[in-house]
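All remarks here apply to the structure that follows.
Quantities reported herein were computed from a predicted structural model and do not represent experimental measurements. A, B, ... follow the sequence lines: proteins, then strands. Residue 1 opens every chain.
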Amino acid sequence: MNVVTPQDLARLRADFPILAETVHGRPLVFLDSAASAQKPRAVIEAMVGAMERSYANVHRGLHWMSERATEAYESTRDAAAGLLNAPDRHEIVFTRNSTEAINLVAHSYGRGVLRPGQAVVISAMEHHSNIVPWQLLRDERGIELRVAPITDAGELDLASLESLLADGRVGLVSITHMSNVLGTYVPAARVAALAHRYGAKVLFDGSQAIVHRAVDVQALDADFYAFTGHKLYGPTGIGVLWARRELLEAMPPFLGGGDMIASVTYERSTWAEIPHKFEAGTPPIIEAIGLKAAIAYVRAVGYGAIAAHEAALTEHALATLAGIEGVNVLGRAQDRGGVVSFTMDCAHAHDIATLLDRQGIAVRAGHHCAEPLMRRLGVDSTARASFALYTTRDEIDALAAGIRRVREFFS
Amino acid sequence: MNETLSDDLADLYERTILERSRRPRHASRLACFDAHARGDNPMCGDRVDVWVRREAGRIAEIGFEARGCAISIAAADLMAEAAIDLDAEAAGALAERVAALVRTGAGQGADLDRLRPLAGVHAFPSRVRCATLAWRALTAALDGRVETSSE
Ligand SMILES: Cc1ncc(COP(=O)(O)O)c(C=O)c1O
């Protein structure tokens with residue numbers, strides 16, 4: 001699909017059973033996909049089908065069922081490698097979510113490869129999951145944490161990033177590929193080139209980015225890339241860390257247990273080859289099967305169509321909200337995805353969200369796990385509408401009408 | 001919007017709540033106080049600071065500064081009146097009954113009368129903690145759980 005026509009959109013929406021639900025007696029207008037996306041029937045059926053027809057533990061049994069389950073689980077690795085254009089399927093590590101993927105890097109790369117006195121750079125628009133693991137590392141290992149500022153438009157300040165890199169002590173730049181609050185896309189290839197020029201590796205938190213646009217880790221020249229299944233129309237409980245083979249090989253394990261070893265004696269254990277070295281314990285088998293279906297679904301719709309559809313929606317939303325007095329949209333990045341955060345002069349974000357909810361409109365209100373960014377923006381919380389491949393223009397108009405009613409109510 | 005406002009929404013944003021959130025009467029730090037505590041709702045970023053001045057063991061005055069939604073501000077403002085003249089024990093007991101009121105929508109007793117506008121919160125489970133935040137800060141202050149200071 002290259003574009004999403006109204007007929008396509010109706011068909012796509014029919015793929016998501018939950019979109020037929022009503023909330024408070026009104027059709028559900030779900031504008032909170034950035035927190036977690038809804039699931040297409042293909043994902044639901046893949047997971048149920050696995051449990052009904054071909055389920056057993058993986059990598060362990062010599063029996064037919066285990067072989068089928070292992071095949072299904074491992075084929076998700078190929079799907080994820082394909083999605084990211086990773087050169088090697090063994091570079092795909094399954095985690096629980098993005099948070100665990102970043103913690104894995106902070107643990108194994110941060111504690112195993114970085115040295116005290118080195119620094120990690122994050123940006124001023126990170127999710128807590130890309131802040132706190134580095135603080136833990138800093139406090140435990142004497143690794144400095146530096147924060148690259150953003151401009152008032154909500155874009156990464158590349159000049160400042162470069163000056164943070166200039167002393168050559170930065171071992172890793174760990175940065176969001178797309179802000180979950182401002183919608184800003186970071187110019188990832190330029191960030192990677194900058195990081196590499198000063199000898200640093202680069203991790204992109206792709207939790208939001210990969211939902212809206214194709215990602216090619218080779219074209220970006222990334223070193224690590226993390227994403228989470230449930231935002232990509234897949235199930236909860238599974239995420240992906242991609243990293244270059246040589247990095248994964250140099251890193252010590254994260255968790256210890258079954259599946260991640262080559263051999264165990266009381267004196268010492270040796271580690272399995274990558275990626276299994278990083279996948280201790282029974283993995284999220286059913287979730288992996290769901291993720292594969294989600295990846296297939298997104299690729300069948302096509303990133304080109306998704307990106308174009310969401311860009312049109314975002315433009316419409318920005319134009320519409322700009323026309324409502326007392327509404328302030330945060331961030332005006334040139335390059336942005338389908339996330340719009342706003343505040344209102346007359347009402348706090350929670351009150352906005354409650355009033356919209358009673359009109360059947362789901363938005364998120366709060367700090368969006370980005371408290372330092374809230375402080376930078378001078379707010380304590382925002383309301384956020386986020387768009388997905390199933391979002392319609394009518395839903396944005398419903399949001400606008402809802403916001404007008406919030407205004408009437410509170411002023 | 002009022003004609004189409006659902007009943008539970010009208011109850012949540014009852015007239016008193018809206019008035020108090022727009023023009024709170026006690027939203028300032030006390031110049032002279034005996035206890036202070038801060039309440040945070042880490043999930044949503046609401047914050048309220050409560051200052052208490054006591055006379056002969058009873059609450060003589062309460063001031064607060066809140067950053068948050070209409071419910072949390074109105075609840076703090078109502079608290080600043082409802083807890084006057086109580087000792088720490090009675091204030092703690094009232095705080096518990098207010099928590100029950102906002103969770104269930106029901107509660108007996110004349111001392112709850114002026115807090116009844118908060119009853120509508122019970123239909124909105126995610127907003128209960130907005131209504132109880134100031135009371136949690138008050139009981140923390142009275143327990144001396146956050147350091148008291150005088151400026
Ligand atoms: C930019 C960003 N990073 C990380 C995360 C964390 O994702 P998860 O909670 O699935 O680990 C999120 C979403 O919550 C996010 O938006």
*Take atom CD in B:Glu81; do more than 12 heavy atoms of anything else shown fall under 6.0 Å from it?*
yes
*Under the side chain to side chain contact (heavy atoms under 4.5 Å, CB included) criterion, do B:Tyr13 and A:Thr354 qualify, and how do the steps go?*
CA-CA 10 Å; B:Tyr13 295 109; A:Thr354 293; 3.8 Å; yes
*What's the spacing between B:Asp8 CG and A:Arg358 CZ if we round to 0.5 Å?*
4.0 Å
*Are A:Phe410 and B:Leu18 close enough, and set up right, to give a side chain to side chain contact (heavy atoms under 4.5 Å, CB included), and what steps lead you there?*
CA-CA 8 Å; A:Phe410 281 107; B:Leu18 281 182; 3.5 Å; yes
Residues 39-49 of chain B side chain polar contacts: donor-acceptor under 3.5 Å, at least two apart:
{"from": "B:Asp40", "atom 1": "OD1", "to": "B:Arg47", "atom 2": "NE", "distance (Å)": "2.9"}
{"from": "B:Asp40", "atom 1": "OD1", "to": "B:Arg47", "atom 2": "NH2", "distance (Å)": "3.4"}
{"from": "B:Asp40", "atom 1": "OD2", "to": "B:Arg47", "atom 2": "NH2", "distance (Å)": "3.4"}
{"from": "B:Asn41", "atom 1": "OD1", "to": "B:Arg136", "atom 2": "NH2", "distance (Å)": "3.1"}
{"from": "B:Asn41", "atom 1": "ND2", "to": "B:Arg129", "atom 2": "O", "distance (Å)": "3.4"}
{"from": "B:Asp49", "atom 1": "OD1", "to": "B:His36", "atom 2": "NE2", "distance (Å)": "2.7"}
{"from": "B:Asp49", "atom 1": "OD1", "to": "B:Arg38", "atom 2": "NE", "distance (Å)": "3.1"}
{"from": "B:Asp49", "atom 1": "OD2", "to": "B:Arg38", "atom 2": "NE", "distance (Å)": "3.2"}
{"from": "B:Asp49", "atom 1": "OD2", "to": "B:Arg38", "atom 2": "NH2", "distance (Å)": "3.2"}

_Part of B:Leu12 lying under 4.5 Å from any heavy atom of chain A_ = side chain
*Just wondering, do A:His350 and B:Ile71 contact through their side chains at under 4.5 Å, heavy atoms?*
no
*Kindly state each residue pair satisfying side-chain hydrogen bond (donor to acceptor under 3.5 Å, both in side chains) with at least one member in residues 66-80 of chain B, sequence neighbours excluded.*
B:Arg20-B:Asp77
*Should we count CZ of A:Arg96 as having more than 12 external heavy atoms under 6.0 Å?*
no
*Which pair of non-hydrogen atoms, one from B:Ala70 and one from A:Asp351, has the smallest distance, and what is that distance?*
N-OD2, 2.6 Å
